[in-house]
Visitor: 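My questions all concern the structure below.
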Amino acid sequence: MTDTLETLTVADVERQKLQKHFGRFDILFFLICTIVGVDTIATVAQGGGEAFTWMMVFAVVFFVPQALLFSELGTAFPQEGGPYYWTRLAFGHLAGAVNNFLYWITNPVWIGGTLAISCIGAVEVFFNHGNTVPTPVFYIIALVFVWVSIVAAITSFSVGKWVPTAGAIARFLLLALFILTVIVYAAKHGVHGLGAASYSPTAGGFVLLVGVLLFNFVGFELPNSAGEEMTNPRRDVPFGIARSTVASVLLYALPVLGILIVLPNTAITNFSGFISAIQNVFTVYGGHVAADGTATLSGAGLVLGDFCALLFILCLLTSGATWIMGADRALAVSCYDGAGPRVLGVINARFGTPVRVNVFSGVVATIVVILAQQITSGNAAKYFNAVLGVTISTTLISYLFIFPSLWKLRRSHPDTPRPFRMPWHRPLTVVLMLLVAVATVQLIAPGLGKDWFGPDFIPSDWKYSERFTYLWTELVPVLCFIVVGVLFWWMGRRVRAQAARAEAAAAMGTAPAD
């Protein structure tokens, strides 16, 4: 018989370090924290009444089918690495490597970009009297934000799982308090209102909103990145997905309606709109709104406003940390599975987490903070828009391989037990992929096919003369990420070769003797 050590792969060695700490309600809170991101609520509300209409449409044609798809994949193939493993199993190591790098890189870019700038926006509005913070303070806040997220991801899952739990509770508190206060504000001051016509969906609204709405509605697959750390994935994954679907739609829809009720469209900005809405409605507890629309809080209004600002920052922080927990695991799995550099494919024996990848994510996020601040010359709104576009497009492209993996695995692995089966999987998967493809094109070239970079499609704080600058700002990073993904696949060739030898040795060892 062949020696047992000869049949062990790198993946076998690393998987032995994983620790099971992920239960049913941990998955539920993890999903709520993953999907409900407060940083894009104002971006959606900026689309006006039709934003709410399109949100409900996409909830039906995108969010629910996606929940069904990942309920099947997450229960049939609950291996560590989730979205990477499904893609690699369906389409091979090269597709898995490129797709997973796109899936992973989104998160440090997002943390160092839109999440960090949203945190700074909250600090400026509530704790700096609406004034821009000095550049050194900007870097201090942004880098502390980044590295607190990374430290949270490094900790053992027995401790780290409380981060998304805290984030989910913070979302319930923040959004419930905001919605209740909107009701009080409306009863006291009336509403500025939106006519019924403003809720009618339009082609222009679709182009403007499709990317950010789909981005808001992804993330069901993330807990499966820690699939082998779950106590019972076949039971708990559908439970978490079903309940988080309902909760997430409500937690998005109600605050968007609240913003549309209390703020005129001209007052809604991408990165501080939700904070501004909080400031406006909380004047019912103490404070006033000046003739120019500037809100000033006092007394109980100031105390409650500051409390909500802290909850908002906690929501941002836990969003980043939760996505890093999942995406970093997927990258580490790809690296010890032969789709990336072996040096990153290491699970820390003490914590049971991919510490090397976590630190790598922190370094990338730090670079994003510095580069984006320098490129946009400190223009926070332009910083937000540019980085958000790259983040969303990179994220959505990765789903062009993740979604059809279900279709492929139905054919290649028909005998794998499926505790849950997605109904109408062929037409629904086609719809999901078409929506993602259209959204990706419109993110990279807004309005293409109708009026590229025209007045109805141009991102805030950009000019028509800058359309090619914006195009390259969005397109070049995506192309570079694809090239790096191919490089990662090449760097994993020795691990793939070792795995092939181990498989051959195992086959020889179990073969009947002559």
Visitor: Does the Arg493 side chain pair with the main chain of Trp490, one donor and one acceptor, at a distance under 3.5 Å?
Guide: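 Flag set: sc Arg493 to bb Trp490 pair under 3.5 Å.
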
Visitor: Answer with yes or no whether the side chains of Trp147 and Thr366 bring together a donor and an acceptor at under 3.5 Å.
Guide: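 Their side chains do contain a donor-acceptor pair, which is all the 3.5 Å distance test asks for.
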
Visitor: Please find out if less than 6.0 Å separates the ring center of Phe488 from that of Phe101.
Guide: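 Ring centroids of Phe488 and Phe101 are less than 6.0 Å from each other.
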
Visitor: I need the single residue from Tyr399, Trp54, Phe63 that forms a ring pair (Phe, Tyr, Trp, His ring centres under 6.0 Å) with Phe217. Which is it?
Guide: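 By the ring pair (Phe, Tyr, Trp, His ring centres under 6.0 Å) criterion, Phe217 pairs with just one of Tyr399, Trp54, Phe63: Phe63.
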
Visitor: For a quick test of reading the model, state the closest non-hydrogen atom pair linking Leu73 to Ile402 and the distance between them.
Guide: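 That would be CD1-O, 4.3 Å.
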
Visitor: Strictly by modelled atom types, are Thr395 and Thr106 linked by a side-chain donor-acceptor pair under 3.5 Å?
Guide: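 Their side chains do contain a donor-acceptor pair, which is all the 3.5 Å distance test asks for.
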
Visitor: Given side chains that start at C-beta, do those of Val10 and Arg494 come closer than 4.5 Å, heavy atoms only?
Guide: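 Heavy-atom side-chain distance check fails, nothing below 4.5 Å.
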
Visitor: Which heavy atom of Ala153 sits nearest a heavy atom of Ile324, and at what distance?
Guide: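 Taking Ala153 first and Ile324 second, the nearest heavy atoms are CB-CG2, 3.5 Å.
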
Visitor: What distance do Phe453 atom CZ and Leu471 atom CG have between them, rounded to the nearest 0.5 Å?
Guide: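 One finds 9.0 Å between CZ of Phe453 and CG of Leu471.
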
Visitor: For the CH2 atom of Trp110 and the CD1 atom of Ile105, what is their distance to the nearest 0.5 Å?
Guide: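 Answer rounded to 0.5 Å: 14.5 Å.
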
Visitor: Answer yes or no: is there a donor N or O on one side and an acceptor on the other, between the side chain of Arg15 and the main chain of Leu18, under 3.5 Å?
Guide: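 Flag not set: sc Arg15 to bb Leu18 has no pair under 3.5 Å.
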
Visitor: Tell me if a side-chain donor or acceptor on Asn100 pairs with a main-chain N or O of Ala330 at a distance below 3.5 Å.
Guide: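 Pair found, side chain donor or acceptor close to backbone of Ala330.
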
Visitor: Phe360 and Trp104: aromatic ring centres closer than 6.0 Å?
Guide: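 Yes, close enough.
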
Visitor: Would you find a donor on one side and an acceptor on the other, under 3.5 Å apart, between the side chain of His93 and the backbone of Asp337?
Guide: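 Side chain of His93 to backbone of Asp337: a pair is present.
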
Visitor: Got a donor-acceptor contact below 3.5 angstrom from the Thr429 side chain to the Pro404 backbone?
Guide: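 Here the side-chain-to-backbone pair does not exist.
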
Visitor: Does Val369 form a side chain to side chain contact (heavy atoms under 4.5 Å, CB included) with Val146? I'd like the steps, not just the answer.
Guide: CA-CA 9 Å; Val369 168; Val146 165; 4.2 Å; yes

Visitor: What is the minimum heavy-atom distance between Pro419 and Arg234, and which atoms define it?
Guide: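 So the minimum-distance heavy-atom pair works out to CG-CD, 3.8 Å.
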
Visitor: Roughly how far, to the nearest 0.5 Å, is OG of Ser405 from CG of Leu89?
Guide: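 If I round to the nearest 0.5 Å, the distance is 8.5 Å.
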
Visitor: Quick check with a 6.0 Å cut-off and a 45 degree axis cone: is Arg411 positioned over the face of Trp407's six-membered ring?
Guide: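 That pair does not qualify as a cation-pi contact.
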
Visitor: Using side chain to side chain contact (heavy atoms under 4.5 Å, CB included), reason through Leu487 and Val483 one step at a time and then give a plain yes or no.
Guide: CA-CA 6 Å; Leu487 177 62; Val483 171; 5.7 Å; no

Visitor: Of all heavy-atom pairs between Leu317 and Ser149, which one has the smallest distance, and what is that distance?
Guide: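 What the structure gives for the nearest pair is CD1-OG, 3.2 Å.
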
Visitor: Do Glu72 side-chain atoms and Met422 backbone N/O form a donor-acceptor pair below 3.5 Å?
Guide: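 Yes.
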
Visitor: With the threshold set at 4.0 Å, does a side-chain nitrogen-carboxylate oxygen contact exist between Glu228 and Arg329?
Guide: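 No, this pair does not count.
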
Visitor: Report yes if the side chains of Arg418 and Thr75 come closer than 4.5 Å at any heavy-atom pair, otherwise no.
Guide: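 Answer no - side chains too far apart.
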
Visitor: Are Phe420 and Val237 packed together at the side-chain level, in the sense that at least one heavy-atom pair is separated by less than 4.5 angstrom?
Guide: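 No, side chains not in contact.
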
Visitor: Measure the spacing between CD1 of Ile241 and CZ of Phe239 and express it to the nearest 0.5 Å.
Guide: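 Output value for this atom pair is 12.0 Å.
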
Visitor: Kindly say whether the aromatic ring centers of Trp452 and Phe468 come within a distance under 6.0 Å.
Guide: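 Yes - the distance between ring centres of Trp452 and Phe468 falls below the 6.0 Å cut-off.
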
Visitor: For the side chain of Lys20 and the backbone of Glu229, is there at least one donor-acceptor N/O pair under 3.5 Å apart?
Guide: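 No, the answer is negative, given that no donor and acceptor are paired below the 3.5 Å cut-off.
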
Visitor: So does Ser398 get a backbone contact from the side chain of Asn99, meaning a donor-acceptor N/O pair under 3.5 Å?
Guide: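 Judged by distance alone, yes, a pair lies under 3.5 Å.
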
Visitor: Between Arg171 and Ser248, do the side chains contain a donor N or O and an acceptor N or O under 3.5 Å apart?
Guide: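 Side chains of Ser248 and Arg171: no pair found under 3.5 Å.
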
Visitor: Working to the nearest 0.5 Å, report the span between OG1 of Thr87 and CZ of Phe401.
Guide: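 Between Thr87 OG1 and Phe401 CZ, I get 8.5 Å after rounding to 0.5 Å.
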
Visitor: Indicate yes or no: at least one non-hydrogen side-chain atom of Asn224 is less than 4.5 angstrom from one of Tyr85.
Guide: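 Contact flag for Asn224/Tyr85 side chains = no.
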
Visitor: Any chance you could lay out the side chain to side chain contact (heavy atoms under 4.5 Å, CB included) test for Phe403 and Phe70, step after step, and finish with the verdict?
Guide: CA-CA 9 Å; Phe403 288 152; Phe70 287 123; 3.8 Å; yes

Visitor: On a heavy-atom basis, which atom in Leu214 and which in Leu435 lie closest, and how many Å separate them?
Guide: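 So the minimum-distance heavy-atom pair works out to CD1-O, 3.5 Å.
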
Visitor: Consider only side-chain N and O atoms of Tyr103 and Glu221, and report whether a donor and an acceptor are under 3.5 Å apart.
Guide: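 A pair is found: one side chain offers a donor N or O, the other an acceptor, under 3.5 Å apart.
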
Visitor: Is the Phe58-Phe62 ring centre distance short of 6.0 angstrom?
Guide: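 Not under 6.0 Å, so no.
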
Visitor: Please report the shortest heavy-atom distance between Val98 and Gly485, naming the atom on each side.
Guide: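 The pair with the smallest heavy-atom distance is CG2-C, 3.8 Å.
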
Visitor: Does the pair Trp323 and Leu222 meet the rule for a side chain to side chain contact (heavy atoms under 4.5 Å, CB included), with working shown?
Guide: CA-CA 7 Å; Trp323 271 95; Leu222 195 68; 3.8 Å; yes

Visitor: Are any non-hydrogen side-chain atoms of Leu213 and Val44 less than 4.5 angstrom apart?
Guide: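 Side chain of Leu213 against side chain of Val44, heavy atoms only: contact under 4.5 Å found.
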
Visitor: Under a 4.5 Å cut-off applied to non-hydrogen side-chain atoms, are Pro164 and Met325 in contact?
Guide: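 Touching, per the 4.5 Å side-chain cut-off.
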
Visitor: Using modelled atom types only, decide if a donor and an acceptor are shared between the side chain of Gln442 and the backbone of Leu448 within a distance under 3.5 Å.
Guide: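 The answer is yes, because a donor-acceptor pair under 3.5 Å joins these two groups.
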
Visitor: To the nearest 0.5 Å, what is the distance between CZ (Arg88) and CH2 (Trp489)?
Guide: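 Answer rounded to 0.5 Å: 14.5 Å.
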
Visitor: Just so I know, are the side chains of Ser361 and Asn107 near enough to count as touching, which here means a heavy-atom distance under 4.5 Å?
Guide: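 No - every pair of side-chain heavy atoms lies 4.5 Å or more apart.
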
Visitor: State, with a plain yes or no, whether a side-chain heavy atom of Leu69 is found less than 4.5 Å away from one of Phe220.
Guide: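 They are not in contact (no side-chain heavy atoms under 4.5 Å apart), so the answer is no.
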
Visitor: May I ask you to decide if Ile347's main-chain N or O and Lys17's side chain share a donor-acceptor pair within less than 3.5 Å?
Guide: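 The answer is yes, because a donor-acceptor pair under 3.5 Å joins these two groups.
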
